[in-house]
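Scroll down for the structure; my scribbles are underneath it.
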Amino acid sequence: MKKDSRGETLVEVLASILIAALSAALLFSCIASSVRINRSAQAADAAHYQALSAAEGQTDALEGVNASITIQGENSGQVEIDIDLYGGEGLYSYSKKEGAGP
């Protein structure tokens, strides 16, 4: 009687199952990490846009702040425009002062 040696051994099957399980665990941990990072980014975006909307929604400019923007044109040189600042908490919005520059 000759023993058939063409099939896989139990050790080889168990090793391949172990490798597949470790690969699946690594894949799922990467997916979980990316979901966590995405949620954190969405929360930061929401906070940023909420603060920006609050700054842009203000009707009274910040008092005691004199600000201007200098614009460099290609052929026209520099133009300085006076602006009003709105906002707080490190996030500001601006608009051109009434009657200011071009």
Side-chain angles (χ1 to χ4, degrees):
M1 257 189 178
K2 187 175 183 185
K3 187 173 179 183
D4 188 14
S5 62
R6 289 185 291 170
E8 287 105 13
T9 65
L10 181 60
V11 173
E12 290 172 335
V13 171
L14 290 177
S16 63
I17 291 173
L18 178 64
I19 290 171
L22 290 175
S23 299
L26 183 63
L27 175 66
F28 289 132
S29 69
C30 290
I31 290 172
S33 178
S34 68
V35 167
R36 191 171 40 253
I37 290 170
N38 189 33
R39 284 185 185 156
S40 174
Q42 285 177 344
D45 280 347
H48 171 77
Y49 287 117
Q50 183 179 12
L52 184 60
S53 295
E56 289 177 343
Q58 290 181 353
T59 56
D60 297 326
L62 295 174
E63 303 244 351
V65 177
N66 295 322
S68 64
I69 295 176
T70 303
I71 300 172
Q72 176 70 42
E74 286 184 28
N75 298 324
S76 61
Q78 291 185 348
V79 177
E80 190 168 312
I81 300 173
D82 292 327
I83 60 171
D84 287 324
L85 287 178
Y86 303 90
E89 298 181 19
L91 191 62
Y92 298 95
S93 179
Y94 64 91
S95 67
K96 187 172 90 169
K97 283 188 177 184
E98 292 294 322

Identify each donor-acceptor pair in which a side-chain atom of residues 37-45 lies under 3.5 Å from a protein atom, sequence neighbours left out, and give them as a table.
none

Under the side chain to side chain contact (heavy atoms under 4.5 Å, CB included) test, which residues partner S34, sequence neighbours left out?
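If we apply the side chain to side chain contact (heavy atoms under 4.5 Å, CB included) test to S34, skipping adjacent residues, there are no hits.
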Under 3.5 Å, which donor-acceptor pairs do the side chains of residues 19-28 form with other protein atoms, sequence neighbours left out?
{"unit_1": "S23", "atom_1": "OG", "unit_2": "I19", "atom_2": "O", "d": "2.9"}

